[in-house]
Amino acid sequence: SLIHNLLKEYYDTKIKYEKVVANYHLEIQGIVDSSVIKDMATEIYEKHDQVINSKKKLIALSPNWQSNFGLSSIELSNIQTSISDDDLVLMLVGSQSNAMTESEHSYLMAITKNSSKLHKIKLSRKEINELTVNISNTVNQEEIDSVLNIKPYAINDAYQLYINILEPIKQPIERSKRLLIIQTELMNEIPWTILPKKLPQKSIKSALDFAEYRNIPWFGEDKEVVYVPSLSLFSIKHSENSQSLAEPAFGISPYITKSKSQIDNSTEAVGTQFELESFSLLWNKLVYQGGITEEQLEKLPALPSTQNQVNSMLDKLSSKKLYGLKATKDNIISELNNGYRTLAFATHALVSGPFKNNPGLVVRSEISGKYDLLTLSDIIFQSIKADWVLLMACNTASPGVGGIRGIADAFIYAGAKRLLISNWSIEASASEKFAVYVRESTFDDSFSKQVADAKKKMRADKNSIIYAHPMFWGAFSIMGHF
């Protein structure tokens with residue numbers, strides 16, 4: 001009992017220390033007052049001393065506490081005892097930790113309940129990078145003004161990744177029902193769920209050929225795929241949490257619903273043919289050291305369809321919603337710690353720019369009613385108990401700063417169990433369609449299955465063949481505890 005209490009004290013102090021360090025990295029870019037920086041540094045040293053003192057107490061009581069309680073490096077047995085018979089864990093590792101040169105090869109570790117194998121990948125790090133960049137350029141198409149100008153997906157490059165990385169472990173993949181993908185630096189580069197297992201029979205040259213994407217067998221389409229943010233989750237026993245969306249729920253959208261005529265006449269909207277929910281290019285042009293101003297936030301295009309997305313996602317749940325001017329930062333923060341089991345956000349997500357600004361979700365300002373940011377540092381200091389956080393916003397899995405990979409990581413840091421995230425900018429009408437398809441899925445199923453079913457329905461949509469293109473359905477992923 002005493003050791004248990006000391007372990008809790010140690011991890012509580014360690015988490016507080018890591019949060020303070022993360023916040024320091026997030027805030028330091030915009031601070032010029034040396035006294036403020038000194039105060040933040042002092043707080044870091046104080047938290048670090050608390051961690052050291054907690055560790056000393058543990059050593060005094062139990063010198064072998066790390067080995068006895070499995071808190072040193074994660075061993076294979078930790079992983080295998082944490083997974084079920086139908087799970088397959090995939091992890092990319094380098095030949096010399098992270099100190100890899102571009103010519104070096106990586107290894108794919110495949111772990112099941114009773115076995116593990118290490119497979120050398122034929123592609124070099126440089127070759128993997130080149131292929132993933134080519135793929136990224138065909139799913140991150142932000143300057144398109146018409147569906148006819150959408151570039152075909154880099155299917156051949158994606159297939160090269162599949163046959164060189166995943167084909168060698170085809171059998172254990174087929175036997176599994178759930179794939180747990182460990183998010184290391186190498187793993188994050190590869191868009192796993194949009195890798196084809198076969199090439200299309202017909203060449204895809206333009207939007208008129210996009211129906212061919214429906215006939216392609218995609219990796220993981222018949223399985224539950226979960227991105228696990230840290231290996232440490234395999235050594236921590238978590239309380240059981242719901243695999244499906246549950247009540248009570250809370251949803252926000254800071255945008256005001258408009259009619260089609262209002263949208264067409266609005267100076268905020270960028271048009272109804274191809275409206276992207278996140279404008280990274282615009283963000284990069286606006287960004288400057290210290291943050292983004294209220295006036296610059298106002299230049300972002302309006303997203304009148306986001307309320308419909310929240311309504312669709314939470315349609316079958318008892319929920320509280322904050323829309324439009326009520327979706328202020330203060331109102332949202334006051335609600336985040338109220339024990340909601342499902343949270344849904346539909347808004348712009350701004351990722352860190354060239355000066356490492358604090359990324360965040362666009363919300364409303366309490367004072368002016370204009371737009372504001374719910375930043376990473378706002379999120380990580382909350383105590384969120386949600387089983388699910390649905391981030392219907394763009395690039396929520398994009399890299400952040402200070403050891404936090406992005407907005408999604410901040411929610412995990414704050415206590416959320418699982419998240420629906422996006423890996424690139426999402427077209428607005430596709431997001432709304434995706435939300436509707438999730439709602440139409442069998443509600444008793446796990447939410448991961450609902451997401452997989454929604455992706456299939458997107459590809460098969462009879463009203464628009466463009467939705468079969470991976471850029472419209474492939475961004476959505478599940479991340480978090482397994």
Side-chain angles (χ1 to χ4, degrees), residues 84 86-90 108 110 131-132 135-136 138-139 152-183 187 190-202 204 209-228 243-244 397 418-424 426 430-431 433-442 445-462 464-480 482:
S84 67
D86 297 325
D87 287 342
L88 177 64
V89 178
L90 299 178
L108 180 66
L131 291 171
T132 53
I135 293 170
S136 178
T138 60
V139 292
Y153 178 57
I155 195 79
N156 291 315
D157 294 315
Y159 184 63
Q160 285 300 311
L161 289 177
Y162 175 78
I163 61 173
N164 282 285
I165 299 176
L166 297 170
E167 180 72 22
I169 58 167
K170 182 179 179 180
Q171 290 185 346
I173 290 175
E174 290 179 345
R175 288 195 296 266
S176 67
K177 291 183 179 179
R178 184 171 64 166
L179 301 173
L180 303 175
I181 299 176
I182 309 300
Q183 289 186 289
M187 293 295 270
I190 300 173
W192 297 99
T193 56
I194 55 173
L195 299 184
K197 295 190 283 188
K198 291 182 180 179
L199 289 173
Q201 295 181 350
K202 179 183 174 182
I204 302 174
D209 304 319
F210 286 176
E212 285 297 313
Y213 292 125
R214 296 170 177 167
N215 304 320
I216 295 173
W218 300 94
F219 171 68
E221 66 179 348
D222 57 342
K223 304 180 187 301
E224 181 181 355
V225 180
V226 180
Y227 292 87
V228 182
Q243 296 287 333
S244 58
R418 301 183 191 86
L419 297 91
L420 174 67
I421 58 175
S422 64
N423 295 289
W424 54 80
I426 315 164
S431 290
K433 178 73 72 173
F434 177 80
V436 169
Y437 281 144
V438 168
R439 181 187 64 191
E440 291 177 354
S441 298
T442 303
D445 285 336
S446 72
F447 184 67
S448 300
K449 188 176 185 302
Q450 287 180 259
V451 170
D453 289 344
K455 289 183 178 183
K456 291 178 182 178
K457 291 177 180 178
M458 287 282 288
R459 293 195 294 271
D461 192 294
K462 295 181 179 179
S464 180
I465 62 171
I466 66 165
Y467 288 152
H469 192 297
M471 69 176 288
F472 293 101
W473 55 264
F476 299 103
S477 301
I478 300 296
M479 170 185 162
F482 51 91

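- The closest donor-acceptor contact from the side chain of K455 to the backbone of F476 lies under 3.5 Å.
- Looking at every heavy atom in both residues, W218 comes nearest to I194 through CZ3-O, 3.2 Å.
- The main-chain N or O of R178 is never found under 3.5 Å from a side-chain atom of E224 such that the two would form a donor-acceptor pair.
- With K457 contributing its side chain and V436 its backbone, the two residues share no donor-acceptor pair below 3.5 Å.
- The one candidate from W473, Y437, Y467 that meets the side chain to side chain donor-acceptor pair (under 3.5 Å) condition with D461 is Y437.
- Summarising the geometry, atom CG belonging to L420 is positioned 9.5 Å from atom OG belonging to S448; distances are rounded to the nearest 0.5 Å.
- A distance of 5.5 Å separates CG in L161 from CD1 in I190, rounded to the nearest 0.5 Å.
- L179 is listed as a side-chain neighbour of F219, based on a closest heavy-atom distance under 4.5 Å.
- Ion pair K197/E174 not flagged as a salt bridge, since none of the NZ, NE, NH1 or NH2 atoms sits closer than 4.0 Å to an Asp/Glu carboxylate oxygen.
- Annotation: the span from I478 atom CD1 to Q450 atom CD amounts to 9.5 Å, rounded to 0.5 Å.
- Y227 places no side-chain N or O within 3.5 Å of a backbone atom of I421 that could act as its donor or acceptor partner.
- Nearest heavy atoms, V225 versus T193: CG1-CG2, 4.1 Å.
- With rounding to the nearest 0.5 angstrom, the CD1 atom of I216 is 11.5 Å from the CG atom of L195.
- Closest approach of H469 to T138, counting heavy atoms only: CE1-O, 3.2 Å.
- Between Y153 and I204 there is no side-chain heavy-atom pair separated by less than 4.5 Å.
- Closest non-hydrogen pair, Y213 versus A468, comes out as CB-O, 3.2 Å.
- Between V89 and V228 the shortest side-chain heavy-atom distance does not fall below 4.5 Å.
- To the nearest 0.5 Å, atom NZ of residue K202 and atom CG of residue D209 are 4.5 Å apart.
- Between L88 and S176, the closest heavy-atom pair is CB-CB, 3.8 Å.
- In this structure, R214 contributes its side chain and R459 its backbone to a donor-acceptor pair below 3.5 Å.
- Rounded to the nearest 0.5 Å, atoms CD1 (I165) and CD (Q160) are 10.5 Å apart.
- For the pair I155 and L199, the tightest heavy-atom approach, listed with the atom from each and the gap, is O-CD2, 3.9 Å.
- Panel note: side chain N423, backbone A475; a donor-acceptor pair is recorded below 3.5 Å.
- Two residues are said to be in side-chain contact when any heavy atoms from C-beta on lie closer than 4.5 Å; Y159 and P200 fail this criterion.
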